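Scroll down for the structure; my scribbles are underneath it.
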Amino acid sequence: MTLPFSFTGARGTAVSRALFLCGSLIASPVFAQVSGISGPRIRAHVKFLSSDLLEGRGPGERGGALAAEYIASQFALLGLKPAGDNGTYLQKVPLVGVTTESDAQLSTSTGVSLQWLTDFVGQSRQQKAVSDFDGEAVFVGHGITAPEYKWDDYKGVDVKGKVVVLFTNEPESQDPKFFKGRALTYYGRWTYKYEEAARRGAIACIIIHTTPTASYSYEVVRSSWGREDPQVKLDAGQQALAMAGWVTGPIGEKLTGRNLADLLKLSDSRDFKAFDLGFRIKGRLRSKMRDIISYNVAGIVEGSDSKLKSEAVVFSAHWDHLGVGEAVNGDTIYNGAIDNATGCAMILELAHAWAALPQKPRRSAIFLAVTAEEGGLRGSEYYAKHPFIPMSRTAANINYDALFPYGRTKDIGAPGAERTTLWPFVQEAGKRFQMTVTGDPRPEDGGYYRSDHFAFAHAGVPAFSVESGQEFLGKPAGWGEKMAADYNAKNYHQPSDQYREEWDFAGLEQYAKFGFVIGINVANDPKLPTWQPGDEFLAARQASLISGGAK
C-alpha cells in the first residue's frame with residue numbers, strides 16, 4: 001500500500017493532500033485512525049489511574065507498581081512489542097528513596113534556629129543515614145556560571161566546604177540575546193543550582209524562596225520536598241551535597257540581613273560579587289533510606305521502512321505522582337488525576353491508534369510511561385541514558401503532562417517546538433484541527449525544563465510537551481486562564497487533584513489527534529529533525545549524531 005503522505009521542501013514541510021484535503025479525508029486509512037481517537041477511552045484510563053486504589057502512584061509503592069503493570073498490560077493488549085528489559089515492557093530504574101526525618105536541624109552561629117517544614121525543607125544528596133555539615137555561609141546571587149553570557153556569580157570566591165545561599169531563576173532582562181530575555185534557560189532551574197554548587201565543592205546549597213523567582217508558592221515546595229526524594233544512586237567518589245534545600249523568603253531576609261527586592265536587584269548585575277554572610281550555617285539531616293526499584297514502561301510499534309525502523313518517534317508521559325502524604329482536609333492520597341493520569345491516558349490512546357494503522361509509518365514509534373518525574377525527571381533521565389533506540393536515532397519526543405479536561409479549545413500549547421525543525425509540522429497540525437498553536441505564555445517560569453521532554457532535549461533530541469489551550473469553546477474570554485490559575489493555586493500537588501465525572505474529554509481527544517498527526521509526519525520525514533541554529537541543545541544533537549553515526 002502507498003503511504004498516505006508525501007513531502008516537499010528541504011524539511012518535508014508539506015503534508016500529503018491525500019490526508020488533509022477535505023475531499024480525501026474520509027478515504028485515508030490514517031485519517032480513519034485519527035477519527036477513531038476516543039475521548040471516552042481517555043476518560044476511562046484517567047478514572048482508573050487516579051482512583052484511590054492506586055494510592056497516588058508513588059514510585060516504589062504498591063500503587064505505583066499497579067499503575068506500571070496496568071500500562072504494560074494495555075500495551076500488550078494493543079499488540080505493541082516490548083521495549084523494556086529482557087523482552088518485557090518494564091525498564092528497571094534503580095533509585096534510592098531518601099526521606100528527611102522530621103527532627104532535621106538547621107541553625108546559624110548567630111543563634112537563629114530554623115523549624116523543619118515551616119522555615120526550611122531539604123534533603124541530603126549523600127545517601128547516608130546522617131549528614132552533618134558546618135560551614136561559612138556565602139551569598140552567591142543566582143549561583144550561575146555562564147561563559148557565553150559573560151556571567152559568573154562565583155568569580156573570585158572559593159566555596160569549597162562552604163554553604164552557598166542563592167536565588168533560583170536568573171538575571172532579569174528583556175534582551176532576547178541575554179539569557180533569552182524573559183524566557184528561562186536551564187541556568188535558572190533549581191536543579192542547575194544544586195549541580196553547580198556541588199561542582200564547586202560546596203557542602204550545602206540553600207535557595208531563598210520567592211514566589212516570583214520560583215513561579216510557585218512555598219506550599220508547593222513544602223509538599224514536594226517534605227516527602228521521600230527518589231535519587232539516582234551515586235557513583236563511587238561522586239561529589240554530593242550534604243543538603244540541597246530551600247528557606248522561606250522571610251527566613252532569607254533574616255539570614256542575609258537585607259530586603260529581598262534589594263538583594264535581587266544586586267544579584268541581577270553582571271558586576272555582582274559573592275560575599276560572606278558573616279556567620280556559619282550548621283545542619284544535621286537524618287535520613288530514612290530505602291532502595292527503590294521502579295519502572296519505566298515502554299512498548300514499540302515497528303516502522304515499515306527496513307532502514308528507518310531503527311529510528312523512532314517517542315511519545316511519553318509520566319505515570320507517577322506523590323503517593324500517600326500529609327493529610328489535607330483529612331485526605332492523604334495525592335491522586336494526580338490531571339497530573340498526570342491525563343498524560344498516561346493520552347499515550348495509551350495514541351498507542352491504540354498507531355498500532356491499528358494498516359500501513360505503519362517508516363520510522364518506529366515508542367510509547368513510554370516514565371517513573372519518578374515528580375522527584376526530578378528521574379525516570380526520563382534514566383531512559384535517556386539507557387534508551388531502547390539510541391538518542392542519535394530518536395527523531396523526536398512528544399510529551400504529554402497535565403492536560404485540562406475542560407472541553408475543546410481554539411488553541412493548543414507546544415512551547416519549545418518553535419526551537420526545532422519540527423515547527424512546520426506542529427503548525428500544520430494545528431491548522432488541520434483548527435487550533436492556533438501557542439508558545440509558552442510565561443517563559444520566565446521555566447516550564448520547559450520541568451517536564452520529561454527536557455531529559456530528551458538535554459540529550460539532543462528535539463522535544464516538547466503538548467499543553468492545554470486556554471481559549472475554550474463556549475466559554476468567555478479569560479475563563480481558561482482562570483481555571484488554570486485555580487488549579488495551580490488549589491489542586492496542583494494536592495490531594496484535591498481528583499477525577500471528576502463532569503469533566504469534558506473532548507479537548508484531550510483534540511490534543512491526542514494533534515500529536516498523532518505530528519508523530520506520523522515526523523516518522524515519515526526522510527531527515528532527522530534537529531534544533532534551530534543557536535539553540536542551547538543544538539550542540540548536544542550534533543554530538544549525538546556524530547557519535548551515533550546518523551546521517
Side-chain angles (χ1 to χ4, degrees), residues 43 45-64 66-67 97 99-100 102 116-123 190 209-212 214-230 245-246 248-249 317-345 371-377 400-406 442 445-447 450-452 465 467-468 470 480-503 508:
R43 175 190 290 273
H45 292 311
V46 171
K47 187 173 183 178
F48 177 76
L49 288 167
S50 62
S51 67
D52 281 358
L53 177 67
L54 270 67
E55 300 169 346
R57 305 189 306 279
E61 302 291 345
R62 188 182 77 96
L66 284 173
T99 304
T100 305
S102 59
W116 170 246
L117 294 182
T118 302
D119 298 329
F120 80 101
V121 291
Q123 292 116 8
W190 56 262
H209 174 271
T210 74
T211 297
S215 81
Y216 38 75
S217 71
Y218 180 73
E219 286 305 309
V220 172
V221 177
R222 173 183 165 129
S223 66
S224 299
W225 285 70
R227 61 177 67 238
E228 183 177 73
D229 179 34
W246 299 70
T248 65
H318 72 91
W319 61 253
D320 67 296
H321 199 55
L322 302 179
V324 177
E326 183 179 4
V328 178
N329 298 323
D331 190 353
T332 60
I333 298 177
Y334 288 68
N335 303 80
I338 287 176
D339 185 14
N340 185 35
T342 57
C344 291
T371 184
E373 186 269 356
E374 302 291 4
L377 315 184
Y400 286 88
D401 190 358
L403 289 304
F404 293 135
Y406 304 153
R442 293 174 297 278
D445 291 353
R450 289 163 51 183
S451 194
D452 289 300
S465 285
E467 296 186 356
S468 300
Q470 293 194 333
E481 188 174 354
K482 180 182 181 301
M483 292 295 285
D486 285 349
Y487 171 79
N488 288 333
K490 300 174 183 177
N491 302 318
Y492 175 64
H493 283 195
Q494 299 297 315
S496 54
D497 185 2
Q498 296 177 318
Y499 170 82
R500 290 167 173 77
E501 285 291 346
E502 65 269 21
W503 280 346
L508 270 64

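From a predicted model like this one, the values you see are computed outputs, not experimental measurements.
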TODO: Output the distance between atom CG (Leu322) and atom CD (Glu374), rounded to the nearest 0.5 Å.
DONE: 5.0 Å
TODO: Determine the minimum heavy-atom distance between Ala345 and His45, stating which atoms define it.
DONE: CB-CB, 3.5 Å
Open item on the list: Tell me the closest heavy-atom pair linking Ala317 and Cys344, and the distance in Å.
Closed with: CB-N, 3.7 Å
Task: Point-to-point distance, once rounded to the nearest 0.5 Å, from CG of Leu117 to CD of Glu326 - done: 6.5 Å
Task: Under 3.5 Å: donor-acceptor pair, side chain of Arg227, backbone of Thr99 - done: no
Open item on the list: Quick one: does any side-chain atom of Thr100 pair with a main-chain N or O of Gly122 as donor and acceptor, under 3.5 Å?
Closed with: yes
- [ ] Taking all non-hydrogen atoms of both residues into account, name the closest pair between Val121 and Trp116 and its distance.
- [x] CA-CZ3, 3.5 Å
Task: Side-chain (Ser468) to main-chain (Phe404) donor-acceptor, under 3.5 angstrom - done: yes
Task: Spacing of CD belonging to Glu481 relative to CG belonging to Asp486, to within rounding of 0.5 Å - done: 11.0 Å
- [ ] Go through the side-chain N and O atoms of Asn491 and Ser496 and say whether any donor and acceptor fall under 3.5 Å apart.
- [x] yes
TODO: Supply the atom-to-atom distance Glu55 CD to Glu61 CD, rounded to the nearest 0.5 angstrom.
DONE: 8.0 Å
- [ ] Identify the heavy atoms of Glu373 and Asp452 that sit nearest to each other, and give their distance.
- [x] CG-OD2, 3.1 Å
Open item on the list: Between Asp497 (side chain only) and Tyr492 (backbone N and O only), is there a donor and an acceptor less than 3.5 Å apart?
Closed with: no
TODO: Begin from the C-alpha positions of Asn335 and Asp52 and carry the test side-chain contact (heavy atoms from CB on, under 4.5 Å) through to its verdict.
DONE: CA-CA 7 Å; Asn335 303 80; Asp52 281 358; 2.8 Å; yes
Open item on the list: So, taking the atom named CG in Leu508 and the one named CG in Leu403, what distance separates them when rounded to the nearest 0.5 Å?
Closed with: 4.5 Å
Task: Donor + acceptor pair across side chains of Arg57, Thr371 (<3.5 Å) - done: no
Task: Arg43 side chain to Tyr499 side chain, donor-acceptor N/O pair below 3.5 angstrom - done: yes
- [ ] Start with the C-alpha distance between Asn340 and Tyr400, add both sets of side-chain angles, then the distance that settles side-chain hydrogen bond (donor to acceptor under 3.5 Å, both in side chains), and finish with yes or no.
- [x] CA-CA 8 Å; Asn340 185 35; Tyr400 286 88; over 6 Å; no
TODO: Looking only at non-hydrogen atoms, find the nearest pair between Val46 and Ala341 and report the distance.
DONE: CG2-O, 3.7 Å
TODO: Keeping the roles fixed (side chain from Ser224, backbone from Val221), state whether a donor-acceptor pair exists under 3.5 Å.
DONE: no
TODO: Could you check if a side-chain atom of Phe120 sits within less than 4.5 angstrom of a side-chain atom of Trp246, using non-hydrogen atoms only?
DONE: no
TODO: Using the side-chain contact (heavy atoms from CB on, under 4.5 Å) rule, take Trp503 and Ile338 through it: C-alpha gap first, then chi angles, then the decisive distance, then the call.
DONE: CA-CA 11 Å; Trp503 280 346; Ile338 287 176; 3.8 Å; yes
TODO: Over 60° means perpendicular and under 30° means parallel, so classify the ring planes of His493 and His321, tilted if in between.
DONE: perpendicular
Open item on the list: Would Ser465 and Arg450 count as a side-chain contact (heavy atoms from CB on, under 4.5 Å) here? Give the steps.
Closed with: CA-CA 10 Å; Ser465 285; Arg450 289 163 51 183; over 6 Å; no
TODO: Working to the nearest 0.5 Å, report the span between CD of Gln123 and CD of Glu228.
DONE: 9.5 Å
Task: Short side-chain donor-acceptor distance under 3.5 Å, His318 and Asp339 - done: yes
TODO: Provide the closest heavy-atom pair for His209 versus Tyr218 in the form atom of the first, atom of the second, distance.
DONE: CE1-N, 3.2 Å
TODO: Check the pair Lys47 / Glu501 against side-chain contact (heavy atoms from CB on, under 4.5 Å), numbers first and verdict last.
DONE: CA-CA 9 Å; Lys47 187 173 183 178; Glu501 285 291 346; 2.8 Å; yes
